[in-house]
Every structure is written in C-alpha cells, then in structure tokens.
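Take a look at the structure set out below.
Labels below follow one simple rule: chain letters A, B, ... track the order of the sequence lines, proteins then strands, and each chain is numbered from 1. Note: hydrogens, waters and symmetry copies are ignored here, and every other heavy atom, side chains too, is used. Everything numeric here is computed off the predicted structure, so don't read it as measured data.
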2 protein chains.
Amino acid sequence: MAKTVEQIAKALGISITTVRLVLNGKAGQYRISAKTQSKIDSYVAEYGYTINHAARSLKLNKTDTLGLIIPRLSNLFFSTLAEKLEIRCREAGYQLTTSCTYSDTERENTLVETMQQRNVDGLFVVPSSLQAQNHHLKRFTKPLVFLDRDFSDSEVALVVSDNVNGSAALTTAMIDAGKLPLFFMAGDIQQPTIRQRLQGFTDVLAGHGISENSAWVLTARHNRREDGQLLMQRFFELHQDAPPAFIASSLPVLEGALNVLRERYGYIPVEMNIGTFDEHPMLGFLPNNTWSMRQDEDAWVEHAFQAMTLGMEGETSPGKSVIPMTLTHRRRAAV
Amino acid sequence: MAKTVEQIAKALGISITTVRLVLNGKAGQYRISAKTQSKIDSYVAEYGYTINHAARSLKLNKTDTLGLIIPRLSNLFFSTLAEKLEIRCREAGYQLTTSCTYSDTERENTLVETMQQRNVDGLFVVPSSLQAQNHHLKRFTKPLVFLDRDFSDSEVALVVSDNVNGSAALTTAMIDAGKLPLFFMAGDIQQPTIRQRLQGFTDVLAGHGISENSAWVLTARHNRREDGQLLMQRFFELHQDAPPAFIASSLPVLEGALNVLRERYGYIPVEMNIGTFDEHPMLGFLPNNTWSMRQDEDAWVEHAFQAMTLGMEGETSPGKSVIPMTLTHRRRAAV
DNA sequence: GTGAAAGCGCTAACAC
DNA sequence: GTGTTAGCGCTTTCAC
C-alpha cells in the first residue's frame, strides 16, 4: 500500500516517467506499450498507489482546498451553509475545511493565519467585525469571499441576505394580519445583519405613521439564547403580560424568549403571534401563528462560489451579492 | 509577505540555519547574537513569515490534521459533535477537517481515500455499514476511530452511546408515568443505533409482561423526516386516533411524525405523550409532555480523542467506549 | 516510447 | 554561533 511512483518504477524496472504517464491516464497519448501498461496496472491493483498530496502541493503551490470560517456549526443556518458549500466545492474538485470562531475575534484571526500557512487556495469568512475583515484582507494573500456581514466596504467580495427588505416584508405581513402592537427583540445591533433587520422593522413602522416604535424595540448584547431570555425578562419589567406579537432577530433569541414564557406561565401563550428570522422545521411544534423569514442557502452558495472562482481566475472582485429572503407562515393551530 | 526562510537569509546576508533557529525560538539555546536576532525580528515584522505547511508535511510525513466523516452537518447532534471535536483537536494542535457522506457509502469510501491522499494523521468516521467500516480499515493506514455505529467488531476503536440502556430508561420513565399503550416509531432498524434503541424498548415491555409489543412497533427504511411522515401515516391506516404515547427513534423522525399530525388535525394533540432521542431546545416549543434522551457529546469527544491519541502513539486499540445517556423531561404545559 | 534531472521549502544531521 | 547538505515525492522540461 501507498507506494510512491519511484518505488513502483524501481520494482518494475521501468522509468519513473513511464509510470507517471500511465498513472495519469496519458498512456495512449504517449503510446506506452500495452505490456508495460498492464504490468503497472496489475502492480497498482496489488499494492495500491496513493498520490502524496503534500508533495504535489509543494510543487504546484496550490492545495485544492478552500477554507470556511463561520461563527458556529451548531447554528442550523451555518451548518446548512457549510454542508451545501462543501458539496459545491467537491463538485469543483476542492476540499472544504470548516472552522468556527465562536465570535472570538482573536480566534478568528488565528484561524485565518492557519489557513494561510496551510496554503488554502481561497477563503470564505463570516467576519466578526470590520477590523477583523481588514485584518484578513491584509494577511491573507489569496482570494477572500466574505459572508453574512455587510460592513459597507464596496471593494470586497461579499454575499449577504437582503435583511432590510426581508425584515420589512416580515413586519408588513404581521401588521397586515392585524398584529399590533408588534415588538422587536434584537440581539447585538452592532452586528450589521441584526442592525439591518431592525432597520427594516422601524422603516415599515415609520411608513405606517407609528412613531412610538422605539418603545417596541428591545436590544441585547449578543445573539444567543441567554440574550433572548434577558430580552423577555426585560419585557416583563416593562409590561404586565406577554407581548401579543413580536419578532425575534434570530432563532436562538427566539428560543431564549419562549423559554422565559414557559417558565413563567407553565406554557407558551397560544394567542401570541411570533415572527423570526431563519426557518426551522421545529417551528411547526408551536401551536402559535408564526412567520419565519428564511435565508436562501442555495443562492448564497452559488454566489459565493462564483465569486471565489472569479477571484481565483484573477478577475477583479464581483462586489456584493444581496440574496432575497422568503417568508413562511404557519397558521395558528385549530383547537 | 510570505517570505521563505531562504529569502530572509539571503536578504539579510546570514545563513538559513541561523534564521531557522531564531524563527523556531531556539535563539537562546544556540546563543545567537542579539544583533542577529533583532535583524531577523525586524525583517519579519516588516515582511512577515508564513511557514509552508506543505513542505513541512512532506518532510515530516505528518500534517497535524485529523479528519472527521459524518452523515450530515445539518443534524444538530453531529454538528455539535463536530464543533466540540474541533475545539479539542485544536487544543492539541490539530486542525480538524469535516466532510459529510449523506449516508452514501460510495461517497464515504471516496472521502476516506481523499483523507488518505491528504495524509491526515488520523480519522474519525461514522461508518454507514460494516462493509464500509472494513473498507476503511483496509485502505486507511493511520489510526481510525469509529463513532456511533456498533457493528460488534471488538477489535476496532469505537465510541457509541449506551442506546440499549438509554432506550430502556426512556421507556420505563414513560410507562411509570402511566403512558400505555406506548408506540415506537423506528427509522432504519438495520442501523445498529436504531436497532439498539428498539431493543431497549422491547426488553422493557417484555419485562412488564407485555407481549403484544410487536404491534406497537412501526419501522421505516431510513431516518429522515420523510420516514417519520410515512410512519405516522401508516399509524393512521391502523388506528383511528393519534397515539396516546409514542417514542421516535430520532429527531428527524419525530419532526416528520408531528408534521403529519398537524396537517391532519390542524394542531398537535396536547394530551399526547412524546418520547425521543437527542435533545433540542425547541422541544420546549411543544406544549406536550416530552421525554428526550440526550447523548453526551462532551464524553464522546473525550473518549474519541483519547482513543486517537493512543492510536497515534502506536498503542493497541482501546476497544469500545459506551457513553451513558441522560433523560430530560418536560412537563405538559399548564392551561 | 522512455529516461534523467531540477527544484518546490522545509527539517535534521553534521561540520567548522 | 553559524554554515552546508541531503532528501521528502511530486511536476515539468528537455533529451534520446
């Protein structure tokens, strides 16, 4: 097993070049004798041959590997994205290697350096901040495609969802269904994605002439379950009852918020109207009216991979791709 | 940027060895002059130095990379496992690279060959079948640690949950709460994990002198949402009403089963008692009594990494690790 | 049709 | 304290 080209050649008493030509399928092209070919073939069938990827990389200065750096894999949106991107990369002959930052900027920077050392041919990154993004641009010397966070740097290759319009559509759908007042439980509004979702919300409310909307917005520091809990706890410091309708800025925030309700009441009030970003089959477990605004991972992958291909071909950056979102409504369960 | 050791040495007019010693932190040990050191340091500060990992790998015949092959990342259990294993590997200085099989044996075999070519130092695999497992053992020449599927091959390094006892405990808890009859909706019972869960169930029922339990078991071909749907549809071909209590053999099966109920009734009957394997925060969205049997990813990671370490140190296989599961009960929501 | 040789950037062993 | 060298296994180029 795992013979090298040289070992095969020596064992068979033929030259390295000949073996190589056969192994690379160039036998016909160079008119290698059938006898030599079958000698090589049967040797390989017996002992096997595994190309040494490190040697190839060293010579060609490419690894046929792409990197993906995301906040966490245990977030369904990112794990789905990783899955689909891996499939797309493999189709094109690339191995994708994924690592998580856990929203730690230092870790993120380290990961980029690691990817650089390992000489990946290109890198997809969800950057935690504009500084981090600039760090990567400086340190990483091959094509970079940024995902999910729009820091308004028009030069970079970037794929994001159309969060402003998606949020506006979600808000409009809930208002049209008569669900007012409508609260918005936002995680970290420093983060562009969340900020844009909040903006879509306030835009629509302003368009409806609702000026008190700032009272309907609650914000937290991060986007985790715990932040959702804090948000709902804060809500109860300000109000007597559960909100008749609210939007969570992401699924973990929703999980935390509903958890507080269930602890407080022993149940989740069924008459409550719930909006959220990101879709999940388990939203159907809720008996409530729910609206979820889904991000289109397939379109993300196509745009991101296309941008990477252009970058690797040396084209200039394709700039920003803004992917539309789609709304899923689940009607309140009959009783 | 990205100078090689040789370039640095030439630019500074000193020898490659000297530069190397400084870069590797051996300056003190070999008493390199402070002047030389600072010359090198400032050059690196200016132009940077990125080690060429391919060259290092080629020379040392190791990549400081481990592979992980799982069915899918969009399954929360596996994505959590991947996350925690990545963290553990990085602590020990290894990069983890994860790929998915989508339960396709051929793809799985290809992935193992790819990992072999890329010369990963070791491989964690969730094998789709005993044949696949044997294929890997034959083709992969470095340490292998298998996960999640117990094909009763006592020689291999393997980490699994204690599915038989876990399932027995789950079944017992539901029976003790008076939830009979209790149905079991199983996905693919060819797969050892599912078979063992089913076995824990039938064992307990037999222990309670319930002989008709075979009528309470429904099985499907795979373990996906669609299979859960089929199972619940089949249930309704045999019964008039929704099951008063049932156990799903995994979360996707549960999602599919509940989906059918919601379609049929417009709601999920709140008096139904639900058991499932794998824990998820969104199970709290259900107003029902639920019991979920969780797998302990942290323990999996510790045992798996330990087994890998032993393998890399050339020790003999540590054999099978069986990890206990823990039960979470959510009480039916008050009204 | 087949062979030989240089070189990718690193490590390790040895020389001065 | 510093310098030289061989060689990991591959690709590419040129030679016969």
Among residues two or more places apart or on two chains, list those pairs meeting ring-ring contact (aromatic ring centres under 6.0 Å, His included) that have a residue in residues 125-150 of chain A. none
Does anything in residues 90-111 of chain B form a ring-ring contact (aromatic ring centres under 6.0 Å, His included)? List the pairs, not counting sequence neighbours. none
Rounded distance (Å) that lies between atom [atom2] of [N] and atom [atom1] of [X]:
X: L12(A); N: dT2(C); atom1: CG; atom2: C1'; value: 14 Å
X: D64(A); N: dT11(D); atom1: CG; atom2: P; value: 11 Å
X: K35(B); N: dT2(D); atom1: NZ; atom2: C1'; value: 14 Å
X: K62(A); N: dC10(D); atom1: NZ; atom2: C1'; value: 13 Å

Could you tell me which residues satisfy salt bridge (charged side-chain N to carboxylate O under 4.0 Å, His left out) with E6(A), sequence neighbours excluded, listed by chain and number? none
Could you run down nucleotides 5-12 of chain C 5' to 3' and tag each one B, S or - for protein heavy-atom contact under 4.0 Å? --BBBSBS
Show me the pairs that pass side chain to side chain donor-acceptor pair (under 3.5 Å) and involve residues 303-315 of chain A, at least two apart or across chains. none
At less than 4.0 Å, is any side-chain N or O atom of S15(A) found next to OP1 or OP2 of dT2(C)? Yes or no. no
So, is S57(B) close to the dC8(D) phosphate, meaning a side-chain N or O under 4.0 Å from OP1 or OP2? no
Suppose the criterion is salt bridge (Lys or Arg N to Asp or Glu O under 4.0 Å): which pairs have a residue in residues 49-62 of chain A, not counting sequence neighbours? K62(A)-D64(A)
Provide the full list of salt bridge (Lys or Arg N to Asp or Glu O under 4.0 Å) pairs with a residue in residues 105-120 of chain B, sequence neighbours left out, each pair given once. E113(B)-R139(B)
Any residue in residues 37-45 of chain A with a heavy atom nearer than 4.0 angstrom to DNA chain C? Just list them by number, or reply none. none
Please table the atom pairs, donor to acceptor, closer than 3.5 Å between any side-chain atom in residues 147-159 of chain A and protein atoms at least two apart or in another chain.
residue	atom	partner	partner atom	Å
D150(A)	OD1	S152(A)	N	2.8
D150(A)	OD2	K320(A)	NZ	2.7
D153(A)	OD1	E155(A)	N	3.0

Checking side-chain polar atoms at under 3.5 Å, does S99(A) have a donor or acceptor matched by the opposite partner on R90(B)? yes
